[in-house]
Amino acid sequence: MYIDDTLIDENFRVYAKGDRQTSYSIRGLKDTKHTAKVVVKGGTFVLDGIDVITSINKVEVNKEKLQHLYDANQDK
């Protein structure tokens, strides 16, 4: 799998799926145009669509507080 000509996942295996099932997903891309390239190394694969879900998250997260909570509770 390539995104914007960059190899993202070289040996991802897709198992049999039903109709309209997700075979691969990626998160965290910038809100801009992208290209996707799927390379089939063996067998057959039918790409019948790509879903793009966009959202702009304006929530600020204090990572220090999250880390403190995690550290305080990781042994529980």
Side-chain angles (χ1 to χ4, degrees):
M1 171 63 74
Y2 291 82
I3 301 295
D4 302 329
D5 296 320
T6 300
L7 179 62
I8 300 297
D9 206 332
E10 184 173 5
N11 292 309
F12 184 79
R13 182 169 182 165
V14 176
Y15 295 93
K17 302 281 185 181
D19 292 341
R20 297 289 300 158
Q21 297 294 311
T22 300
S23 299
Y24 191 85
S25 64
I26 187 168
R27 294 174 175 232
L29 297 174
K30 291 183 179 180
D31 188 16
T32 186
K33 289 184 180 183
H34 297 281
T35 59
K37 176 181 169 185
V38 177
V39 177
V40 178
K41 292 184 173 184
T44 59
F45 180 72
V46 176
L47 177 65
D48 65 352
I50 295 177
D51 293 326
V52 177
I53 302 170
T54 62
S55 69
I56 297 175
N57 186 353
K58 302 233 182 222
V59 176
E60 294 287 329
V61 175
N62 185 325
K63 292 180 182 177
E64 289 179 23
K65 287 183 180 179
L66 285 175
Q67 186 65 51
H68 176 72
L69 285 171
Y70 174 80
D71 292 342
N73 292 286
Q74 74 181 46
D75 294 330
K76 293 181 181 182

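From a predicted model like this one, the values you see are computed outputs, not experimental measurements.
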Gap between atom CG of Asp4 and atom OG1 of Thr32 - 0.5 Å precision: 8.0 Å

task: Enter the distance from Leu7:CG to Lys37:NZ here, rounded to the nearest 0.5 Å.
output: 9.5 Å

query: Under the 3.5 angstrom rule, does the side chain of Lys41 hit a backbone N or O of Arg13 as a donor-acceptor pair?
result: no

query: Does atom CD of Glu64 have more than 12 heavy-atom neighbours from other groups under 6.0 Å away?
result: no

- prompt: If we only count heavy atoms from C-beta on, is the Tyr2 to Val39 side-chain gap below 4.5 Å?
  reply: yes

query: For the residue pair Thr35 and Asp5, what are the closest heavy atoms and their distance?
result: OG1-N, 4.1 Å

message: Can you tell me how far apart CG (Asn73) and NE2 (His68) are? Round to the nearest 0.5 Å.
response: 8.5 Å

query: Out of curiosity, Leu66 CG to Asp71 CG, how far, rounded to the nearest 0.5 Å?
result: 10.5 Å

- request: Please report the closest heavy-atom contact between Ser23 and Phe45, naming both atoms and the distance.
  value: OG-CE1, 3.8 Å

- prompt: If we only count heavy atoms from C-beta on, is the Tyr24 to Val38 side-chain gap below 4.5 Å?
  reply: no

- line: d(Leu29 CG, Ile3 CD1) to nearest 0.5 Å is 6.0 Å

